[in-house]
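Have a look at the structure below, then the notes.
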Amino acid sequence: MVNVFKIKELRYIPRWLIFFIDISIVSFSVLTTYLFLKNLHVKINFTEYFNGNFFVIIIVNILFMFLFKTYAGIIRYSTFFDFFRILWASGCALVVLLGVNLMSHMLLGKPMYLYPALFLFFLTSVFLMFFLRMSAKRLFRSFAGSERRLPRLRIAIAGVEDESVLLANAIIHNPGHPYQLVGFFSARSDSKKAMLLGYKIHNKKDLLKNDRLANQFDAVLIREMMSRQKMEEWTTLALDKGLKVLKAPCIHKMKENGVAGSIRPLQIEDLLDRAPIKIESEAVKNRHCNKSVLVTGGAGSIGSEIVRQVARLNSSLIVVVDQAESPLHELKLELLERFPDQNFKFVLADISNHYRLEKLFKDYSFSIVYHAAAYKHVPLIEDNPHEAVFVNIGGTKNLALLSRQYNVDYFVMVSTDKAVNPTNVMGASKRAAELFVQSLQNSPDNTTKFITTRFGNVLGSNGSVIPHFKKQIEKGGPVTITHPDIIRYFMTIPEACELVLQAGTMGNGGEIYVFDMGEPVKILDLAKRMIKLSGYTLDVDIKIDFIGLRPGEKLYEELLTDNSTTIPTHHEKIMISRDPVMEFEEIEMLCKQIMRSAIKKDSLQVVKILKEIVPEFKSNNSEFEILDIISKHEVYQ
């Protein structure tokens with residue numbers, strides 16, 4: 001349909017025109033009222049002064065229209081606020097006219113206007129003025145909708161709470177987005193026949209039973225503030241019925257970004273997201289205020305988020321170290337724009353280079369060191385164990401010894417759950433690094449508090465499973481999983497980094513802090529859910545292939561070793577793991593041995609010494625399993 005009047009291009013109707021229309025409605029209401037009374041043969045007072053009386057009514061209404069600015073609203077965005085302005089203006093005019101009537105009755109013996117006539121006029125004028133606005137609003141929406149060439153997504157909002165109503169109004173009153181509100185869903189049974197904003201409220205059970213009802217919608221819209229349990233329930237129901245799932249932020253964010261820029265498809269991270277831990281912000285802020293801070297691996301997923309969070313704490317200097325040139329450059333551009341008042345230093349360096357690091361410690365007198373630099377990809381490290389020794393062990397050793405030498409107050413190391421009962425070189429190298437860091441706590445003349453944090457997989461980190469699955473789904477599959485029974489723990493990047501910052505304010509040093517990771521997630525279920533959320537059908541559009549466990553990979557991760565116990569802290573989500581420790585002299589000697597083997601690139605010897613440092617390290621699906629067989633045979637001999 002061609003929009004002849006180009007209503008969409010019309011910004012607003014001039015205020016003078018709205019004012020003129022309202023006066024016309026008032027005049028029409030007066031005349032209609034008198035005509036109605038005349039047809040009923042009702043005798044009107046002071047008929048000889050009809051024109052004067054008529055003029056008084058118009059003048060009084062004009063006065064209050066100006067006072068309450070009934071003409072000021074943009075008609076196509078009219079709401080009940082506009083209705084109340086009309087109600088107040090007409091109501092005040094009615095009160096004044098009733099006062100005139102009272103004076104007339106006292107002075108002349110009879111009222112100037114019949115009381116029924118005043119009330120009938122009041123109701124008629126209010127109704128017509130508001131009806132005009134609602135009709136114009138509906139007309140504009142009809143023309144605006146008819147101009148859309150692309151079909152809009154038919155959505156139903158989950159829930160009928162106040163936030164859902166505000167969200168619905170934002171969708172209704174803001175044209176230009178690809179969504180069409182067609183109803184609401186509610187779990188309440190008492191709203192089965194109710195209407196909200198003129199749209200039907202459908203019961204959750206009806207959607208579950210009735211496939212024809214599901215065909216009326218394309219997507220279900222859920223709110224950001226909804227609890228994870230409710231979000232999970234609505235998502236499961238929608239996906240089972242073949243509907244898309246969309247997510248909307250809180251209403252003030254929607255006002256900032258607009259409807260089209262705010263509503264987005266639900267991501268798997270939204271369902272895995274956990275209740276955030278409560279951080280003692282004052283303690284963390286006081287620890288960092290006016291302090292010089294070093295962050296290694298600062299361009300990585302964890303390191304960069306640590307830098308962002310520390311940048312809010314008024315540190316005197318943040319030195320960001322990483323050996324990845326492009327990510328470090330991108331991070332520099334981002335941070336300088338976001339935190340123009342923060343003093344940064346970006347250093348391209350390898351933590352295995354002791355001399356390069358020592359100059360940094362000399363120049364900047366660090367108070368806190370966050371050590372997040374590490375090689376983390378299990379299959380790559382399994383093929384290159386000497387590199388894990390150089391970076392994960394040697395780099396950690398360099399940083400820890402320099403921290404002790406230059407009297408750093410706090411050294412906080414980022415570790416992994418793969419260090420617990422490791423089945424691969426990467427996990428074992430991180431456990432060796434943990435042992436070295438712990439051993440320094442009670443070494444002679446040490447004043448540094450050495451702290452380790454240990455957690456599981458991080459949502460959205462570089463190389464993690466979720467971005468990997470997304471890429472595979474975008475390419476049309478297949479989605480590859482190593483084993484149908486593999487499970488993993490997950491946490492968000494901000495949550496992980498908040499743990500690291502909080503750990504820096506706790507304990508006396510030497511502790512390994514572990515985090516309550518909640519329930520583990522089955523990777524197969526994760527993949528199935530991601531395929532459905534992407535709008536595809538499993539085994540029809542996207543297939544899942546099982547490719548077998550990778551070298552060094554195990555079915556499940558642990559946060560505690562077999563020989564460890566946990567001690568609670570004042571934070572309910574953070575515990576201290578009491579793992580076996582080694583004396584500094586012993587771990588120092590073994591580290592020197594493994595470094596010599598790594599320099600020679602003798603992989604078998606490297607892993608053999610690593611198994612001496614970490615006795616619980618048992619290789620799985622790896623060429624280094626031979627070392628476990630030999631060791632077991634020697635024990636029996």
Side-chain angles (χ1 to χ4, degrees), residues 294 296 351-355 357-358 360-362 366-374 385-386 388-416 419-422 425-454 503-504 506-514 560-561 563-565 567 576-599 605-617:
L294 169 65
T296 69
I351 61 169
S352 63
N353 187 336
H354 182 276
Y355 300 104
L357 292 179
E358 185 168 21
L360 296 178
F361 278 81
K362 278 182 181 179
F366 300 117
S367 295
I368 305 172
V369 172
Y370 289 107
H371 174 37
H386 52 280
V389 172
F390 292 144
V391 174
N392 294 1
I393 298 177
T396 301
K397 179 183 174 183
N398 289 340
L399 288 160
L401 289 175
L402 286 168
S403 294
R404 183 182 68 170
Q405 179 183 342
Y406 287 90
N407 299 315
V408 170
D409 294 328
Y410 297 91
F411 178 94
V412 184
M413 173 184 167
V414 175
S415 190
T416 170
V420 180
N421 298 324
V425 174
M426 192 283 282
S429 67
K430 292 294 287 183
R431 177 60 186 147
E434 289 182 358
L435 288 166
F436 188 88
V437 168
Q438 281 184 293
S439 73
L440 284 175
Q441 187 60 50
N442 298 318
S443 61
D445 302 322
N446 173 56
T447 60
T448 304
K449 289 186 178 181
F450 288 96
I451 295 162
T452 300
T453 59
R454 185 191 285 165
M506 300 169 68
N508 300 310
E511 298 94 348
I512 295 178
Y513 289 99
V514 296
L560 300 170
T561 63
N563 300 322
S564 67
T565 57
I567 300 173
I576 298 173
S577 173
R578 288 295 190 193
D579 292 76
V581 296
M582 294 179 71
E583 293 298 323
F584 174 71
E585 292 75 15
E586 183 183 2
I587 186 71
E588 169 76 352
M589 179 190 68
L590 289 168
C591 283
K592 286 180 178 177
Q593 290 179 13
I594 202 170
M595 286 296 292
R596 285 194 290 267
S597 297
I599 291 169
Q605 186 62 20
V606 163
V607 178
K608 183 179 179 182
I609 300 171
L610 196 53
K611 288 178 182 291
E612 291 180 36
I613 300 173
V614 187
E616 65 271 23
F617 171 26

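All heavy atoms count here, side chains included; hydrogens, waters and symmetry mates do not.
Of the possible polar contacts, one joining the T453 side chain to the M413 backbone as a donor-acceptor pair under 3.5 Å is found. Judged by distance alone, the side chain of S597 and the main-chain N or O of I594 form no donor-acceptor pair under 3.5 Å. Between the side chain of S429 and the backbone N or O of I393, no donor-acceptor pair lies under 3.5 Å. No donor-acceptor pair closer than 3.5 Å links the side chain of S577 to the backbone N or O of I512.
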Begin from the C-alpha positions of L294 and L399 and carry the test side chain to side chain contact (heavy atoms under 4.5 Å, CB included) through to its verdict. CA-CA 10 Å; L294 169 65; L399 288 160; 4.1 Å; yes
Check the pair K449, D409 against side chain to side chain contact (heavy atoms under 4.5 Å, CB included), reporting the backbone distance first and the verdict last. CA-CA 6 Å; K449 289 186 178 181; D409 294 328; over 6 Å; no
Step-by-step side chain to side chain contact (heavy atoms under 4.5 Å, CB included) determination, L590 to Q593: CA-CA 5 Å; L590 289 168; Q593 290 179 13; 4.0 Å; yes
Before you tell me yes or no, could you show the steps for K592 and E588 under salt bridge (charged side-chain N to carboxylate O under 4.0 Å, His left out), namely the whole-Å CA-CA distance, both residues' side-chain angles and the distance that decides it to 0.1 Å? CA-CA 6 Å; K592 286 180 178 177; E588 169 76 352; 3.8 Å; yes
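Between F361 and F366, the two ring planes are perpendicular [angle over 60°; tilted spans 30° to 60°].
Here the side chains of F436 and F584 are in contact, with some heavy-atom distance below 4.5 Å. Between Y513 and I576, the closest side-chain pair of non-hydrogen atoms falls below 4.5 Å. Under the 4.5 Å side-chain criterion, counting only non-hydrogen atoms from C-beta, N508 is not in contact with Q441. A heavy-atom distance below 4.5 Å is not found between the side chains of I351 and N398. Considering only heavy atoms from C-beta on, E511 stays 4.5 Å or farther from M506 through its side chain.
Remark: R431 CZ to I613 CD1 distance equals 11.0 Å, nearest 0.5 Å. Between atom OG of residue S352 and atom CG of residue N392 there is a gap of 10.5 Å, rounded to the nearest 0.5 Å. Atom OG1 in T396 sits 10.5 Å away from atom CG in L401 (nearest 0.5 Å). Rounded to the nearest 0.5 angstrom, L440 CG and L435 CG are separated by 11.5 Å.
Other residues, nucleotides and ligands contribute over 12 non-hydrogen atoms within 6.0 Å of the CD atom of E612.
Between L610 and A432, the closest heavy-atom pair is CD1-CB, 4.1 Å. Between P422 and V614, the shortest heavy-atom contact is CG-CG1, 3.9 Å. Nearest heavy atoms, G394 versus M595: CA-SD, 4.2 Å. Between K430 and A374, the shortest heavy-atom distance links the atoms NZ-CB, 3.7 Å. The two residues S403 and F450 have their closest heavy-atom pair at CB-CE2, 4.4 Å. Smallest separation of non-hydrogen atoms from V437 and A400: CG2-CB, 4.5 Å.
Under the 3.5 Å distance criterion, with hydrogens and angles disregarded, no donor-acceptor pair is assigned to the side chains of T452 and E434.
With sequence neighbours excluded, no residue forms a salt bridge (Lys or Arg N to Asp or Glu O under 4.0 Å) with K362. Considering only residues two or more places apart in sequence or on other chains, F617 meets the ring-ring contact (aromatic ring centres under 6.0 Å, His included) condition with none of them.
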